[in-house]
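Following: one structure in structure tokens, then a few remarks.
Keep in mind that what you see is a predicted model, and the values were worked out from it rather than measured. A note on names: the letters A, B, ... follow the listed sequences, proteins ahead of strands, and every chain is numbered from 1.
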There are 2 protein chains.
Amino acid sequence: MRRMTARPANAHQARLLRLLRDGGPNSRAELGDHVDLSRSKLAVEIDRLLETGLVVADGLAASRGGRRSHNVRLTPELRFLGVDIGATSVDVAVTNPELEILGHLNQPMDVREGPVAVFDQVLAMVAKLRDSGVAEGFDGAGIGVPGPVRFPEGVPVAPPIMPGWDGFPVREALSQELGCPVMVDNDVNLMAMGEMQAGVARTVRDFFCVKIGTGIGCGVVAGGEVHRGTTGSAGDIGHIQVESEGRQCPCGNRGCLEAYFGGAALARDAESAAREGLSAELSARLEAAGRLTAEDVAGAAAAGDGTSLDLIRDGGARVGQVIAGLVSFFNPGLVVIGGGVTGLGHTLLASIRTQVYRQSLPLATGNLPIVLGELGPAAGVTGAARLISDHLFSPA
Amino acid sequence: MRRMTARPANAHQARLLRLLRDGGPNSRAELGDHVDLSRSKLAVEIDRLLETGLVVADGLAASRGGRRSHNVRLTPELRFLGVDIGATSVDVAVTNPELEILGHLNQPMDVREGPVAVFDQVLAMVAKLRDSGVAEGFDGAGIGVPGPVRFPEGVPVAPPIMPGWDGFPVREALSQELGCPVMVDNDVNLMAMGEMQAGVARTVRDFFCVKIGTGIGCGVVAGGEVHRGTTGSAGDIGHIQVESEGRQCPCGNRGCLEAYFGGAALARDAESAAREGLSAELSARLEAAGRLTAEDVAGAAAAGDGTSLDLIRDGGARVGQVIAGLVSFFNPGLVVIGGGVTGLGHTLLASIRTQVYRQSLPLATGNLPIVLGELGPAAGVTGAARLISDHLFSPA
DNA sequence: AGGGCTTTGTCCATTGCATGGAAAAAGTCG
DNA sequence: CGACTTTTTCCATGCAATGGACAAAGCCCT
């Protein structure tokens, strides 16, 4: 099947494409209400978009009191691929032009096996999705990796938890394999973009998105744009110190946030608690599985286990302590909590909120919502699709 | 004298004005190398700027191997006023169109006396500068205040250390008095803009600027733009917690950074040390003056007083601890340290550096300069002039 | 059904933006 | 002095964008 080749020729066309993508109106008349252009000029640009094949006519709109307007829509055959590589699993999804997910696969995986093995697995998952019929090919792909990325080149740099990936040309390699444009970013940045596209952050321009998975990271959005920092490592908050002379962290320092909370720390603390006999619930689960995970703690907490609840509350307080400082610094309009451990839910959220509202200045927290992400595992892949679509829907 | 009335008519003209302001070339030919325009179009835009009176012809440039180019420059009579209101003093300065300071006054003052009294003092200082002949009138004024500002309206909001200023229409009032356009911002933001205009941050797009005066604040610049946050309180880092269950802070919390360092905390700690007889040097100074200030500590440290050096080192470590976290979060390309206590100089700087380089991730600190501001008290007023000049040199 | 009103889409003349080429003006250098 | 370079102006041309006129297509009311 022939894929998308054309790109918008100017800013107006890019604007129109994004409006159509983001659930704006799709009648020519209403589009005119959103782009500051005369009706004549608008007609010209839409006609050109029709010529490129990026949009197609789509019948007539309901009347607004006069002649009915012609509808247009993004060519429905467009397909974007979103890939979200985590520390221990991969998500792959296919979206339609409106970035709605048509098919989604998740598989366990270990990034430490290196780029070649991971790519094989990702390509197999892509093939499976293709076979399921949701796509015959892709017009673009976005991919997130759990570490810093030199964004313009799409190459991971010095990723602590991804040995073997340093300098691997992810963008180039995936583009070769898929035969379409590819963009690469940090996984937390994509989560933030996902929540901005289709989740809780749709109307906010300054926010951050704390992702608590195996480790802890944070996507930073300033003025509607992802802030990546000078070397692409912005948002790397897992090793902020929360306790001087505190616990030893694998990174070499002491008292890091990740030494106290995150999937890894939580599992470890739960296992010690179980071994010390502090919780019958956790001990039973440890007995059954041989090891404990964050999900076990979540389950035990849901069953009313006090030790698990304490672990979650303590962890939330640590995270809240860090977030409180960042809120004072950044003054966001929203804080989103997401990632694997959102299963810990409202116990965690309450603990974070308490800490932030107590520690930050009233002016910064006065009207500051702190909420769980809406999209769960779909956030990353949606953000990945948004990343490449933003790229393709911008002037060539 | 007639003041500037015209504004650039389009983005090209604005671009040209800023190039001329920021020490770019001023021959027509070289300007052409910097703006992506044909020579014909460039000539048209420059001619229009000449008509508006914003720029004037200025002789011929040296030859670059052929016909000599005509020079242009910003109308040299343009004058900007920069006002920097601190907690305990005011700076007022007049700049030429290139934002170079032509006259500068500093006077002690207490913001707590309220806007009316402070305005009287500022206007008297302005009159004095005017009488000195550096300006007959002003084409625009920028003013910084030590607290959060609702930027579009130019109104302080809920400023903790400025009772009586909440909601006071600073922009409106000053504009009335001076008869020219006025922009208002937080003082640390202006310091950051100042260092970006004429100081150490000239070539950096992501950085922050920590101002340690009576209190501690931070100007945040992302992508070359000041980040003000949702309510204008971004950079308010003085009350980030550095010690759980730590010292009581006037803000109501415990363990805030400002409870440990900053002009106020340093003076207080020095006085206790003196009373406890820990330092002969400090005791002597306390005896002499009846109280101690940050300058006394700086002086004692310069004289080799161990207690003072310890106070500075401890404080620097606290500040460094906070900055380390913010560096991980924001991944800046530069950190600037400024404000009143820069007299503490390299002892402070070394202590901050040690802490940051030890605590932040290598990728974020690998090539991260941490330096003292270059401009000292001129940073704020230069930033204020830049603020209003950016405003006036943008399309009407 | 018909007439008046509204909305939408197209056509067209006009204006302004911007380009690139030609030619003139003003230099340098051997 | 002549060949070459750089800068500036001039001009024809093409594209961008507007707004007005008008036709098409709808609504609603009588």
Boundaries of the DNA chain D segment in contact with chain A, non-hydrogen, under 4.0 Å: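 It runs dA16(D) to dC27(D).
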Could you measure the distance from the CG atom of L190(B) to the CG atom of D185(B)? Nearest 0.5 Å is fine.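 The CG atom of D185(B) is 5.0 Å from CG of L190(B), to the nearest 0.5 Å.
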Residues forming a salt bridge (Lys or Arg N to Asp or Glu O under 4.0 Å) with [X], sequence neighbours excluded:
{"X": "R79(B)", "answer": "none"}
{"X": "R130(B)", "answer": "none"}
{"X": "R171(A)", "answer": "none"}
{"X": "E98(A)", "answer": "none"}

Between V221(A) and F330(A), is a side-chain contact (heavy atoms from CB on, under 4.5 Å) present by the stated rule, with each step listed? CA-CA 10 Å; V221(A) 176; F330(A) 194 70; over 6 Å; no
Whole-Å distance separating the CD atom of E45(A) from the P atom of dT10(C):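 Those two atoms, CD and P, are 14 Å apart.
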Crowding at CG, N367(A) (>12 non-hydrogen neighbours, <6.0 Å): no
Under the side chain to side chain contact (heavy atoms under 4.5 Å, CB included) test, residues paired with E225(A) that sit two or more places apart: none
Could you say whether N10(A) or S63(A) is positioned toward the 5' end of DNA chain D, judged by the nucleotide with the nearest heavy atom to each?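 It is N10(A), whose closest nucleotide lies nearer the 5' terminus.
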Salt bridge (charged side-chain N to carboxylate O under 4.0 Å, His left out): which pairs involve [range], sequence neighbours left out?
{"range": "residues 191-208 of chain A", "value": "R202(A)-E374(A)"}
{"range": "residues 29-40 of chain A", "value": "D33(A)-R64(A)"}
{"range": "residues 10-24 of chain B", "value": "R18(B)-D390(B), R21(B)-D390(B)"}

Residues from residues 64-72 of chain B sitting under 4.0 Å of DNA chain C, heavy atoms only? G65(B), G66(B), R67(B), R68(B)
Any residue in residues 16-41 of chain A with a heavy atom nearer than 4.0 angstrom to DNA chain C? Just list them by number, or reply none.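 The answer is R28(A), A29(A), R39(A), S40(A).
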Decide, yes or no, whether a salt bridge links E51(B) with R48(B) under the criterion of side-chain N to carboxylate O below 4.0 Å.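 Looking at R48(B) together with E51(B), the answer is no, because their closest N to O distance does not fall below 4.0 Å.
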Within the sub-3.5 Å range, which N or O atoms of nucleotides 13-16 of chain C have a protein N or O partner, and how far apart are they?
none

Are side-chain N/O atoms of N96(A) and E77(A) paired as donor and acceptor at under 3.5 Å? no
